[in-house]
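Indexing begins at 1, ligand by ligand and atom by atom, following the structure's order. Residue indices begin at 1 and follow the sequence shown. Because the structure is predicted, anything quoted here is derived from the model rather than measured.
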Amino acid sequence: MSLNLRRKRAAAAVQAMEIDALLVTHLPDVRWLCGFTGSSAALVVVNHPKGVRARLFTDGRYTAQAKAEALGTRVTITVKPALIAVCEWMAETGIGRCAFDSTQTTVAALEAIRKAVAGAVKGKSRRGMFVAVGPIVAKLREVKDEDEIARMRAAAALGCDLFERILTFMQPGMAETAVAAELEHAARLAGAQRMSFDTIVTSGVRSALPHGHATAAKLPRRGFCTLDFGVVVEGYCSDMTRTVHFGRALPGEREVYDAVLEAQLAGVAAVREGVATSDVDEAARSLLRKAKLDKWFTHSTGHGVGLEIHEGPRLAKKPEAAGNAPAETLKAGMIVTIEPGVYMPGKFGVRIEDTVLVTRTGCEILTPSTKAWIEL
Ligand code: ZN
Ligand code: ZN
């Protein structure tokens, strides 16, 4: 999908609310709409009578980069903060109503917006110019286009390669941080722009920490080690988790691993266009319930991935407060993770995570590394 088409979709979404423009300040949204990857920017997408127009505001550090990246978008280089400059420009240009994403706007930013507009149109009242709306662009970003899917495939494939390689490196007695360092070093050498998040390496009793980062703790002679990591390729994140075992399993460990694996497979099997996200969660959770392990499964089953490591949709239990509200459903082109886990404090934990592409008939697993029991 061209950037132009993305902007048209965003513009159409606000036009349906009888709003003339959309202010975008969340950087992944800015990038998705205009291609600009700099660290300071504000973008406005305007429903102009002659078509959809976009204008990017950034500072002097990004003059050349903005010109090269933000094709089809007017660029204004400003010495003022980009947010202030864009608001002043809109007030002066006479934009009627402008939507902003309330989930990405701080109270302080909103104050600054109001002040900037009041300063630009002295005397004239522009009350009601800014309209808080939901995450319009983030919602559009949930369904990936072909170009995005290709990048996500490349990132996921690199993740799988790295997993294979790290298995030959890991040894009992090695620090968790050494494993993380080796993995991240290999990732950069293979072309990753950066890691999607701080690499998780949790071994032995620490494997019971769902999001424990790598520490100086040593890999055990006998026990689990969970690796959860991702790489960024051309802006897009990969995400996968595998849990491996050093030495022979202690009583109960294999049973928990098999139960988590079954739950993960059931979650993957439930993925298809039109299925409620909460039903995917239930498919995985119900198997852990059957194995009497669900009380140790303390997080949701998965999340969307893309330019950001955590995006919509969320694959979680249906909130009780939702009542009969329609459930969010999967759409073909969404890329989500399926990552059930069991964490027994003081003992051990197991998590298995794949990233999958939702299709009309099911899903394609983008992280096909083996999930069979691995004994190192
Ligand atoms: Zn992960
Ligand atoms: Zn994840």
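For residues 152-193, no pair satisfies ring-ring contact (aromatic ring centres under 6.0 Å, His included), with sequence neighbours left out.
Proximity of a side-chain donor or acceptor of Ser238 to a complementary backbone N or O of Val231 within less than 3.5 Å is detected.
Its side chain within the 4.5 Å cluster rule, Leu265 clusters with Phe224, Val256, Tyr257, Val260, Leu261, Leu288, Leu293, Trp296, Phe297, Val342, Met344, Phe348, Val350, Ile352, Trp373 among the Ile, Leu, Val, Met, Phe, Trp and Tyr residues.
Shown here is Glu111, whose CD atom has no more than 12 heavy atoms of other residues, nucleotides or ligands within 6.0 Å.
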Going by atom type alone, with no hydrogens or angles, which donor-acceptor pairs under 3.5 Å involve a side-chain atom of residues 204-213 and a protein atom two or more places apart or on another chain?
| unit_1 | atom_1 | unit_2 | atom_2 | d |
| --- | --- | --- | --- | --- |
| Arg206 | NH1 | Glu176 | OE1 | 2.5 |
| Arg206 | NH1 | Glu176 | OE2 | 3.1 |
| Arg206 | NH1 | His213 | O | 3.3 |
| Arg206 | NH2 | His213 | O | 3.1 |
| Ser207 | OG | Gly204 | O | 2.6 |
| Ser207 | OG | Gly349 | N | 2.9 |
| Ser207 | OG | Gly349 | O | 3.4 |

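Taken to the nearest 0.5 Å, the CE atom of Met240 stands 9.5 Å off from the NZ atom of Lys371.
Protein contacts to the Zn ion (ligand 2) involving N, O or S atoms at a distance below 2.8 Å are Asp239 OD2, His303 NE2, Glu339 OE2, Glu353 OE2.
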